[in-house]
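See structure below.
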Amino acid sequence: MSYSSVDIFKAAFVGVIFALTLVGNSLVAWVLIKCRRYLLRNRPTYQFILNIVLSDLTVGLLTMPFEFVRELLGKWIFGTVLCKIVEFIEIAVSGTAVITHALISFDRYRSVARPYLPKLRARQIKRMITLSWLLPAFAASPYLYMFQIDEIDSKIICTPKAIPIPWLDKMYQAVTMSLILLLPFLIMCWHYSLVALTMWGISPTVAAENFSNSARRSVVYRNKKRVTRTSGLVAITFIVCWFPTFVLSFVRISSGTEHVHRGQLLQEVAMFGTFINEAINPVIYCAFDRNIKSQVRLRAFCTHNTDSVVTSNDDDHTRHTVETDHRRKSTILETLDLTKSSNRTIQI
């Protein structure tokens, strides 16, 4: 059997992405689990990052090998059952990663723009993570029926078939896109924009808590450049990598599911875009974090580097502690002022 140069190139590209996804996410997962005492306890952001890492590993291990063979041979050879299961996992678990992106933006918004709010409880975090898996799985469950084996241009492909009722098919595509893609994307953009405004002193949410100028300089200004850069990188990378998927969804909403099938250019670009995003997720979320970065670089156990982990600059934890101290001081000063005023009134 002869392979075309295009098929070999696409298969090699999937192989490289698979290797990066497996190595990068496995390394980050190892660090987070090994250092769970310091990184996961009472720190929602790290728990959400671990959720993204696990979802990316699931997609990498359970779908990318099949995509590699599909691209190399130019056809689907694994039968109808695996066609349904692999495509369902790819859609549902990718949706989990997208929703978790939104959850991370929500947690960072609470930590930066609303530091006076109590931290998320462990039970709340578990419910959010559970929802990030159940909601995409429920929304993508009709694909277990829709994906079928079909022969197009003398090639056997695994592609979704439209629901027999046209208006129901388009409505399902619209609902699925809104729940898995559009709503998490809007939430992420909204929260990161508020984080950026707060970091640059434009948002009044932090200032409304009567923090002193010295507190804002010591906490916000110190992390302004790095956090803004990270949030901007997350938003830009997500938009670039997932933009073809948004276009694909809009085309299917307007023209029907079967208008774009497997093997067409738009579908191929959308698939590669999501795979690339999953491969670079560890870089996006962990490259600028001193705790994870130091552990990845040194490849050491947490017990060998306890001091650096505990004393390193964790944005959320440090900001919450410092700002809480300033709130307490402000409350004490206000109480003293009220007491003095009352004493003066009594003396008069």
Side-chain angles (χ1 to χ4, degrees), residues 51-52 54-56 58-67 70 75-103 127-152 155-187 241-264 266-275 277-278:
N51 194 48
I52 284 185
L54 294 179
S55 66
D56 291 342
T58 302
V59 172
L61 291 173
L62 299 183
T63 68
M64 288 188 184
F66 295 96
E67 296 294 349
R70 185 215 304 261
K75 61 181 180 179
W76 181 263
I77 63 171
F78 300 105
T80 303
V81 175
L82 279 179
C83 166
K84 295 176 179 292
I85 295 176
V86 170
E87 296 299 338
F88 169 77
I89 293 175
E90 185 174 324
I91 295 172
V93 181
S94 296
T96 297
V98 175
I99 292 176
T100 311
H101 279 279
L103 293 178
R127 289 176 179 175
M128 291 180 179
I129 292 176
T130 302
L131 184 64
S132 71
W133 287 87
L134 293 181
L135 181 60
F138 175 76
S141 57
Y143 279 113
L144 290 171
Y145 160 78
M146 297 170 64
F147 270 95
Q148 301 288 339
I149 300 296
D150 195 7
E151 184 175 352
I152 298 178
K155 291 184 178 180
I156 299 175
I157 63 173
C158 172
T159 188
K161 292 290 186 178
I163 298 176
I165 304 174
W167 67 266
L168 184 61
D169 179 69
K170 294 181 180 180
M171 185 180 71
Y172 170 70
Q173 292 293 337
V175 172
T176 304
M177 177 191 176
S178 300
L179 290 177
I180 299 181
L181 294 177
L182 186 59
L183 184 59
F185 171 72
L186 294 177
I187 291 174
C241 291
W242 284 83
F243 179 75
T245 303
F246 279 92
V247 175
L248 175 63
S249 299
F250 278 116
V251 171
R252 284 178 170 170
I253 291 172
S254 60
S255 303
T257 301
E258 295 184 16
H259 189 76
V260 180
H261 58 76
R262 281 284 185 173
Q264 289 186 329
L266 179 57
Q267 194 281 328
E268 292 282 304
V269 173
M271 182 191 70
F272 282 118
T274 56
F275 282 176
N277 188 242
E278 290 162 359

Which residues pass the salt bridge (charged side-chain N to carboxylate O under 4.0 Å, His left out) test with Glu90, not counting sequence neighbours?
Arg262
Of all heavy-atom pairs linking Ala137 and Ala92, the shortest is CA-CB, 3.9 Å
If only side-chain N and O atoms count, and only distance matters, is there a donor-acceptor pair under 3.5 Å linking Ser132 with Asn51?
yes
List the residues meeting ring pair (Phe, Tyr, Trp, His ring centres under 6.0 Å) with Trp133, not counting sequence neighbours, and say none if there are none.
none
Would you mind writing out the side-chain donor-acceptor pairs for residues 143-150 within the sub-3.5 Å range, not counting sequence neighbours?
unit_1	atom_1	unit_2	atom_2	d
Tyr143	OH	Gln173	OE1	3.3
Tyr143	OH	Gln173	NE2	3.3
Gln148	NE2	Tyr145	O	2.9
Asp150	OD2	Lys161	NZ	2.6

Show the nearest heavy-atom pair for residues Asp169 and Ala162, with the distance to one decimal.
OD1-CA, 3.5 Å
In short, Leu248 meets Ala270 closest at the heavy-atom pair CD2-CB, 4.1 Å
Intermediate values then yes/no, side chain to side chain contact (heavy atoms under 4.5 Å, CB included), Phe275 and Val59:
CA-CA 9 Å; Phe275 282 176; Val59 172; 4.0 Å; yes
Run the side chain to side chain contact (heavy atoms under 4.5 Å, CB included) test against Leu131 and tell me which residues pass, sequence neighbours left out.
Leu135
Roughly how far, to the nearest 0.5 Å, is CD1 of Ile89 from NZ of Lys84?
14.0 Å
Residue set satisfying side-chain hydrogen bond (donor to acceptor under 3.5 Å, both in side chains) with Ser94, at least two apart, ordered chain then number -> Glu278
Show, in sequence, the C-alpha distance, side-chain angles and deciding distance for Met171 and Trp167, and conclude whether the side chain to side chain contact (heavy atoms under 4.5 Å, CB included) test is met.
CA-CA 6 Å; Met171 185 180 71; Trp167 67 266; 4.0 Å; yes
Would the number of heavy atoms belonging to other residues, nucleotides or ligands and lying under 6.0 Å from CZ of Phe243 be above 12?
no
Going by side-chain hydrogen bond (donor to acceptor under 3.5 Å, both in side chains), name the residues that satisfy it together with Trp76, two or more places apart in sequence or in a different chain.
none
For Ile77, enumerate each residue passing the side chain to side chain contact (heavy atoms under 4.5 Å, CB included) test, keeping only those at least two apart in sequence or located in another chain.
Val69, Leu73, Lys75
For the atom pair CG (Leu62) and CG (Leu82), what is the distance rounded to the nearest 0.5 Å?
11.0 Å
Trp242 vs Asn277 side-chain heavy atoms within contact, under 4.5 Å:
yes
Please list all pairs meeting salt bridge (Lys or Arg N to Asp or Glu O under 4.0 Å) that have one or both residues in residues 131-141, counting only residues at least two apart or in different chains.
none
Nearest heavy-atom approach of Gly60 to Pro65 is O-CD, 3.2 Å
Just how far is it from atom CD1 of Ile85 to atom CZ of Phe66, taken to the nearest 0.5 Å?
9.0 Å
Residues two or more places apart in sequence or in another chain: which of them pass side chain to side chain contact (heavy atoms under 4.5 Å, CB included) with Leu54?
Leu50
Test side chain to side chain contact (heavy atoms under 4.5 Å, CB included) on Phe78 and Val86 and set out the steps.
CA-CA 10 Å; Phe78 300 105; Val86 170; over 6 Å; no
Value for CD1 (Ile152) from NE2 (His261), rounded to nearest 0.5 Å, stands at 4.0 Å
Rounded to the nearest 0.5 Å, what separation is found between the CD1 atom of Ile99 and the CD1 atom of Ile52?
11.0 Å
Among all residues two or more places apart in sequence or in another chain, which pass the side chain to side chain contact (heavy atoms under 4.5 Å, CB included) test with His259?
Val251, Ser255
Is Gln267 reaching over with its side chain to a backbone N or O of Gln264, donor-acceptor style, under 3.5 angstrom?
no
In chain order, what residues pass the disulfide (SG to SG under 2.5 Å) check against Cys83, with sequence neighbours excluded?
Cys158
Are any of the side-chain nitrogens in Lys170 or Glu258 under 4.0 Å away from the carboxylate oxygens of its partner?
no
For Leu183, run the side-chain contact (heavy atoms from CB on, under 4.5 Å) check against Ile180, Leu181, Ile187 and tell me which one passes.
Ile187
For Glu268, the salt bridge (charged side-chain N to carboxylate O under 4.0 Å, His left out) test, sequence neighbours excluded, returns Lys10
All heavy atoms of Tyr172 vs all of Ala139, minimum pair found to be OH-O, 2.7 Å
